[in-house]
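Naming: A, B, ... by sequence-line order, numbering from 1 per chain. Note: hydrogens, waters and symmetry copies are ignored here, and every other heavy atom, side chains too, is used.
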Amino acid sequence: MRLRKLHIDFETRSEVNLKACGVGRYAAGESTEVMCLAYKVDKLPTQIIKLDDDWNISNIRRKHPRLIGAIEDGSFSVRAHNAFFEQSIYRDILVKRFGWPEVPLKRWACTAAKAAVHALPRKLETVSKILGLNHQKDMVGHKVMQKMSKPRSQWLSKGKGDKYFTRPDQLESLYAYCITDVDCEAELDDFLEDLSPHENEVWMLDQRINHYGFKVDRDLIRNALKIIDREREQYSELVSDVTNREVTSVDQRERILQWVRDQGVSLDNMQADTLREKLKEKLPHDVRTILEARLSLGKASVAKYLAFNNYATPDDIIRGTLVYHQATTGRWAGKGPQPHNLPSRGLFKKQDPIIKAVKEGDLEWLQAVYGGGINSLVSCARGVIQAREGCELLVGDWAAIEARVLAWLTGNKPALTDYHNGVDRYKRQASLIFSVPIEEIEKGFKRDVGKQAELGCGYGMGVEKFLATCLKAGINLSPELATKAVKLYRKNNKAVVDFWGDINMAAIRAVQRKGTTVKCGLISWKFEGRFLWCVLPSGRKLAYYDPRVSMAATPWGEMRPTLSYMTEDSKTHKWVRRRSYGGLLTENIVQAIARDIMAAAMLRLDDAGFKLLLTVHDEIVAEVRRIGLLGLQKFEHVMAATPKWAVGCPIAVEAWADVRYHK
DNA sequence: CGTTCTCGCGCG
DNA sequence: AAAGCGCGCGAGAACG
């Protein structure tokens, strides 16, 4: 029997800023209201419930029996684009305020998640354009919606007039827009395959995690914000004075650059490393002052405190910070306060004393010990996340998971043997590069170089990039040594190098012979419809849209058949044709397998009763009632199990428990 | 005035 | 013989 579908889309308005505060706080906000709901039951024409309608369930049941019928019929799948938003609004407003029947999570589906799994952009406007759907997003209506969805500026500033725009013509545009969205979404839904049953389990877990949320320490956030405000102001004054108002804040990159050059000092860019180098030179006093100010304040991590504050509900819970399958490899991305890039490198080790001082406002102590308030806040940003009352956090991470997966995927025996025997692979690489017995390698320079080789050289990294990567990690080495490291890696890891060529050829063949499956070790490729599929050991498929093979030059000028495909550039967000090569495909596959290992562990942990809070690529954060050492051991044990499809993959896990998150 | 692009920074 | 890759956010500047 064909799956029956109910597509829905809300337009809402609120005093809460959705972008700044996230769906969790938005939906829970008292001022948040539904302006309309468009819905489509199977293939029937899309209907709409309007602002002035009576939204109480008794009336809706009378006026929209098909809608309520579908909602109450367990055989209907309820679908939306970015379903997390619709779920939240449905539950917090329609169920709570108007008595609508609840819809359990397992009946929901999300067309944005489906687009993501197909390696297409999540944005409905973009994806419908790319696929050339009959229904396209109504961009004029979109503008009207944005106007109507927040309070009028007159009302906000002076409390004058109506709170929202509600002219009849505007409302009609809004309704038309909402209907078009549902039509567009329904067409997209039909065009794309549903998530596999297993991936649907992963998606549902993602939704549970996002709804459950994590607790933050509001007291810490408030005091941190006070410190940030004060120091920013001090620095702004200083900068204004020194530059005669040409620069009024350390954030004005272009203006500082220009001003510094006007003082006769050359400066390539405003990157921290460049500034640090520059400060080693002899500089005019004022220039030195400005650059030092910029260095102390130009820290992305302090903005986190504001994001935390915005996202947190009145009971200090932050929800909806994970984006399922945002990376084309299937990894999650972070959102809002971005829990995926909290500072971890180069921190002051113990955050508890810093947190105490921040809460007490002991700026003198922070200044004396940590060189300033903002400087110290970087080191305790993770500590904002804490366990709920009576609970503790369990945090586990996989050791060098991608390097281990690479060894397993490529059948790289020497590496596999080392990992199975617990040999330090970074030391192994160092021993080979520096021609020193492995026992003599200690922590420090040599092992650091070995680490960069083990982690980066597996995907074709060249000498120059290796040098740059090392430099960024604070390792200074000669071009000769870099050359040696890269060459030796390739010589000593033949299986990896062979895999680059093999996987590339297999993908190219699959594109050339549409419909046939081409195997390459644990991976197989198949070109079907508009997608090149890469079947992973877990059975999950990675998508590459609109693949082509054409002759193209390598960076060193050799013409070869080259695979390319369309993708959203992860930095610019532009839809571009991208050329691939063996190293890139290898990296994508390795990252995807590591993600599958993690997703499988998340499902097992969830089954075992651990409340999951976050996933950070190779790390899982869970929360439990305080149950002591036994809980931690069980957590580690469940997390470390190898899925059936990954037998022989040498994975290793470490876990700890605490009431506060840290590195 | 709002949106889009670029730079810089943070993580895995 | 040989190309590391994957993300998001804030701020300012540029564009409309």
Q: Which listed nucleotide (B:dG12, C:dA11, C:dA2) is nearest to the side chain of A:Arg490?
A: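 So the nucleotide nearest the side chain must be C:dA2.
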Q: With the side chain of A:Leu584 defined as its heavy atoms from C-beta on, choose the nearest nucleotide among B:dC11, C:dG10, C:dG6.
A: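 From the listed options, C:dG6 comes nearest.
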Q: Counting only side-chain heavy atoms from C-beta out, which of C:dA11, C:dA1, C:dG4 sits nearest to A:Arg560?
A: C:dA1
Q: Please tell me which of the listed nucleotides, C:dG12, C:dC9, B:dG8, lies nearest to the side chain of A:Lys335?
A: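 Among the listed nucleotides, the one closest to the side chain of A:Lys335 is C:dC9.
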Q: Can you find a side chain N or O atom of A:Ser344 that sits less than 4.0 Å from OP1 or OP2 on B:dC11?
A: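 The answer is yes; a side-chain N or O of A:Ser344 sits under 4.0 Å from OP1 or OP2.
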Q: Think A:Ser570 has a side-chain N or O under 4.0 angstrom from the OP1 or OP2 of C:dC7?
A: yes
Q: Indicate, with a heavy-atom threshold strictly under 4.0 Å, whether A:Trp332 touches base, sugar-phosphate, or nothing.
A: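 If one applies the 4.0 Å heavy-atom cut-off, A:Trp332 turns out to touch nothing in the nucleic acid.
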Q: Between A:Gln146 and B:dT3, does any side-chain N or O lie under 4.0 Å from OP1 or OP2?
A: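 Answer is yes, contact under 4.0 Å.
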Q: To the nearest 0.5 angstrom, please state how far the CD1 atom of A:Ile130 sits from the NZ atom of A:Lys123.
A: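 It is 11.0 Å, given to the nearest 0.5 Å.
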Q: On DNA chain C, check which nucleotide each of A:Leu306 and A:Thr562 is closest to and give me the residue with the more 5' one.
A: A:Thr562
Q: Strictly below 4.0 Å: does A:Gln326 bring a side-chain N or O up to OP1 or OP2 of C:dG8?
A: yes
Q: So, OP1 or OP2 of C:dA2: does either fall under 4.0 Å of a side-chain N or O from A:Tyr489?
A: no
Q: Using the side-chain heavy atoms of A:Arg345, tell me which of these nucleotides is nearest: C:dA11, B:dG12, C:dA3.
A: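 Given the options C:dA11, B:dG12, C:dA3, the side chain of A:Arg345 is closest to B:dG12.
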Q: Applying a 4.0 Å non-hydrogen cut-off, can you work out what A:Val590 is touching in the nucleic acid: base, sugar-phosphate, or nothing?
A: nothing
Q: Between B:dG8 and A:Gln271, is there an OP1 or OP2 to side-chain N/O distance shorter than 4.0 Å?
A: yes
Q: Counting only side-chain N and O atoms of A:Arg578, is one of them less than 4.0 Å from OP1 or OP2 of C:dG6?
A: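 The answer is yes; a side-chain N or O of A:Arg578 sits under 4.0 Å from OP1 or OP2.
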Q: Output the single nucleotide from C:dG4, C:dA11, C:dG6 whose closest atom is nearest the side chain of A:Ala327.
A: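 Minimum distance to the A:Ala327 side chain belongs to C:dG6.
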Q: Nearest to the side chain of A:Pro343, which nucleotide is it out of C:dA13, B:dG10, C:dG8?
A: B:dG10
Q: May I ask you to say whether A:Glu237 pairs ionically with A:Arg245, meaning some side-chain N is under 4.0 Å from a carboxylate O?
A: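 A:Arg245 and A:Glu237: not salt-bridged.
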Q: Report the nucleotide, chosen from C:dC7, C:dG6, B:dG8, that has the shortest atom-to-atom distance to any side-chain atom of A:Asn588.
A: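 Of C:dC7, C:dG6, B:dG8, C:dG6 is nearest to the side chain of A:Asn588.
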Q: Between A:Lys663 and B:dG12, does any side-chain N or O lie under 4.0 Å from OP1 or OP2?
A: yes
Q: On DNA chain C, check which nucleotide each of A:Arg232 and A:Glu402 is closest to and give me the residue with the more 5' one.
A: A:Glu402
Q: When you check the phosphate oxygens OP1 and OP2 of B:dC5, does a side-chain N or O of A:Thr572 lie under 4.0 Å from one of them?
A: no
